Amino acid sequence: MKKIILFLAVIVNYPLSSQSQEDNFVNKVSFVGNGVLRKSDLSNQLELKPSSLSLFSKPTFDRRLLKLDAISIKNYYHSQGFLEVAVKDSFSISNDGVDVFFVIEEGNRYLLNDVKFNGLKSIKEKSVRSILGLKQGAPYNPVRINTNLTLVDEEYQEKGKLYVKFDIQQEIKDSVNIIINIDEGDDIYINKSWVNGLERMDSSYVLNEIAFNEGDLFNKSLMDKTKRNLLQTGFFSSASLVTHPANVDTLVNIEVRIREFQNRGTQDIEFGYTDIEAVPGITSLVGLGGSVRWSDRMILGTNNRFDATGSMVMPTETGFIYPRLNSEIKFSNQRPFKMKTPIQMKLFFQQFKNYGDESGPYVRRFGLQYSNIFRWNRQRSFLDIGARFELFDKSEEFTNQIEQRKFKIHLHQDNRDNPIYPQKGNVLVFQLNSFGGVLGGNRTYNKYDIDLRQYVSPLKKITVAGRINVGMISGWKADYDKDDSVEIEKVLYEKFYLGGSNTLRGLRPLRFFTHATDNVDNNNDGIVDDPDESDKIPSGKTAKFLTNWEIRFPLFWKVGAVLFYDGGSISNDLTAIKPSDLRWNRGVGITINLPIGPIRIDYGEDLNDPSIKQFHFGLLYAF
């Protein structure tokens, strides 16, 4: 049967070669002669594929892509040890579209028999074998060897070897023997360096970021660190290091080429869905709105960055009617007074309705925030140390004006392989917020929160994600739950709350407890949880335990699914929370994977009471 297909494919190829392929689509792809490698593996190498559930649009046939696909198949065979493979492409056109054929003569598969190194001194042989994929008895892969030689060269640059030469000799019989000759050359030292490209800034801002010294042994990590330091200052749009030969063979000169950002303001207008942080640190709500932003990286010719943002968001959750207004002005400098201590100053103003209390007055909050933010690990990990001072306007609802002051330490260590679509790695988040005390304010207490997340992929494209989140408040006084303090908490939401798209997805946002179910006399009438107390106003506690587990997997195209299991509880005593106290939810979610991250719709239900169920719309994964 294979011979007949081959015959027909060759016959139709020539007479149709002069026809136009406009508006022709790929109907099917056939592989002839692939005895060892699977069709699915070969299909993954193709650009031309027939229409399927994973493709909303039919791929148009293109002869150039056909030739490139044939080359891709051949390279894939080479990487699997088939050094003599031959791949011929052909096609036929019918009313159904274009049928594509790849005729393959696999030839023999060669395994790696022996590897010898000559001249290898500065790096361990085991390390080089691992980088190049040299495993005796495995299929010989010349593609990986040629591709990864640059990685071996980078390893040598860590050792001060800047001019390494490689010569690979292969002997092919029944198997493959290779000899890798390496000329490591001399150790290279840095002679001198200079800066090129400055227009307005003083060279000292560049020199402070250089991680190497004249006379040092050349080291690639120090070169990369220098480039990162320069880009993190926020003053330069690009930075590169160029080596130049010196008068002595063992010396090299380093030119630091930089380009400054243009000294002009930029404007951005955005519209779409956004997360709402109704509870500090938890984005359990989603809203639809827009924002306008104006920024200048070097305001008034100084080295300070200026950002002004105004936004309006209409929460989509049940109970929200009025938009939340927000505006802020921010000044930041990554290197104030040429010191490596980034600072940020922010003035902010917000206007919103209390959650569950839309009939009440608007709340207006404004204040000042100071931060020192130190970043590392490709800007994804940071330590934020600072202080925040804020006031809430005095209305008829409050006997005393609300004033809050706090000192904060936030640590975020992100070790994931991808911050948007993680498949492996972990995250550690620790937050300490110390309110009042010597800073003053209405209340004095400390709030601790620690969040641990782990991601693993037991199977290809399937990710298992887990989270454990624990929080507690110390120093909370009984007076804070009485009279005006009850109204203050209805605005600040500084206690712990559960429920929503990022915590317990079987519950409405923040509704683990409400004033009608929290076993507290919230209206001071001597009756606990009486009918007069609202079931719309969330009630918080001073301790929290939360755990979330998810299995994430693709369905078709960019659509994926999530199976989740959430459990948690809040109490006024962390040690009093027992496994039997946890409230468990389960559910399923549908995600659409976009370049900016997934958008999702989750359906969750309570395990103890199936009548309690909830749909949630969210941006990004729950954690």
Side-chain angles (χ1 to χ4, degrees), residues 29 36-47 49-56 72 76 79-80 130 133 138-139 141 144 275 283 286 377-378 380-381 412-429 451-469 500-506 546-568 582 584-605 607 613-623:
V29 176
V36 178
L37 300 189
R38 296 178 301 178
K39 176 182 176 181
S40 58
D41 293 331
L42 299 178
S43 297
N44 290 335
Q45 315 305 315
L46 303 180
E47 291 291 333
K49 295 181 180 180
S51 179
S52 66
L53 289 176
S54 62
L55 297 172
F56 282 122
S72 297
Y76 181 67
S79 70
Q80 299 299 311
S130 176
N141 188 350
R144 180 174 178 178
D275 290 323
T283 53
V286 175
N377 188 22
R378 292 172 290 178
R380 284 158 43 183
S381 301
H412 187 100
Q413 178 65 46
D414 190 341
N415 301 317
R416 295 174 293 181
D417 58 337
N418 187 311
I420 299 178
Y421 296 102
Q423 290 187 311
K424 59 183 179 180
N426 53 69
V427 175
L428 166 64
V429 180
D451 195 309
L452 301 173
R453 309 171 192 177
Q454 182 68 48
Y455 307 85
V456 296
S457 291
L459 298 174
K460 187 177 181 180
K461 296 184 179 180
I462 296 179
T463 302
V464 178
R467 172 172 72 173
I468 296 178
N469 178 222
S501 64
N502 291 351
T503 56
L504 296 182
R505 282 164 277 189
L546 171 69
T547 183
N548 305 93
W549 298 91
E550 293 187 348
I551 300 177
R552 305 167 183 171
F553 53 93
L555 293 178
F556 61 91
W557 189 55
K558 298 183 181 297
V559 179
V562 175
L563 302 177
F564 61 82
Y565 203 70
D566 305 330
L582 300 185
W584 293 97
N585 297 167
R586 67 182 177 187
V588 61
I590 298 296
T591 63
I592 299 179
N593 298 332
L594 303 177
I596 59 173
I599 58 176
R600 56 189 169 88
I601 298 178
D602 294 332
Y603 168 77
E605 62 181 23
L607 287 181
K613 57 191 69 174
Q614 191 71 30
F615 280 97
H616 292 284
F617 177 80
L619 304 176
L620 304 180
Y621 287 116
F623 58 94

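Values in this document were obtained by computation on a predicted structure and should not be read as measured data. Position 1 is the first residue of the sequence; numbering continues from there.
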Problem set entry | Test applied, side chain to side chain donor-acceptor pair (under 3.5 Å); reference residue, Glu605; option that passes from Arg505, Arg586, Gln614 | Arg586
For the backbone of [Y] and the side chain of [X], can you confirm whether one donor and one acceptor N or O come within less than 3.5 Å of each other?
X	Y	answer
Asn415	Gly425	no
Asn548	Thr503	yes
Asp602	Gly587	no
Asp566	Asn585	no

Separation between [atom1] of [X] and [atom2] of [Y], rounded to the nearest 0.5 Å:
X	Y	atom1	atom2	value
Trp549	Leu563	CH2	CG	15.0 Å
Arg416	Gln454	CZ	CD	11.5 Å
Leu582	Leu607	CG	CG	11.5 Å
Tyr76	Leu37	OH	CG	5.5 Å
Arg38	Asn44	CZ	CG	9.0 Å

For this session: Answer yes or no: are there more than 12 heavy-atom neighbours, outside Leu555 itself, under 6.0 Å from its atom CG?
Result: yes
Exercise. How are the rings of Tyr421 and Tyr621 set relative to one another: parallel (under 30°), tilted (30 to 60°) or perpendicular (over 60°)?
Worked result: perpendicular
Distance-minimising heavy-atom pair for [X] and [Y]:
X	Y	answer
Tyr455	Ala465	CD2-CB, 3.6 Å
Ser43	Lys49	O-CE, 3.1 Å
Ser457	Thr463	OG-OG1, 3.5 Å
Ser130	Arg144	O-NH2, 3.3 Å
Pro598	Thr591	CB-CB, 4.4 Å
Arg600	Ala622	NH2-CA, 3.4 Å

Do [X] and [Y] touch side chain to side chain, with heavy atoms closer than 4.5 Å?
X	Y	result
Ile596	Ile420	no
Pro50	Val29	yes
Tyr603	Ile590	no
Ile551	Tyr565	no
Leu428	Leu452	yes
Arg467	Leu546	yes

Exercise. Please walk me through it: do Val427 and Asp451 pass side chain to side chain contact (heavy atoms under 4.5 Å, CB included)?
Worked result: CA-CA 8 Å; Val427 175; Asp451 195 309; over 6 Å; no
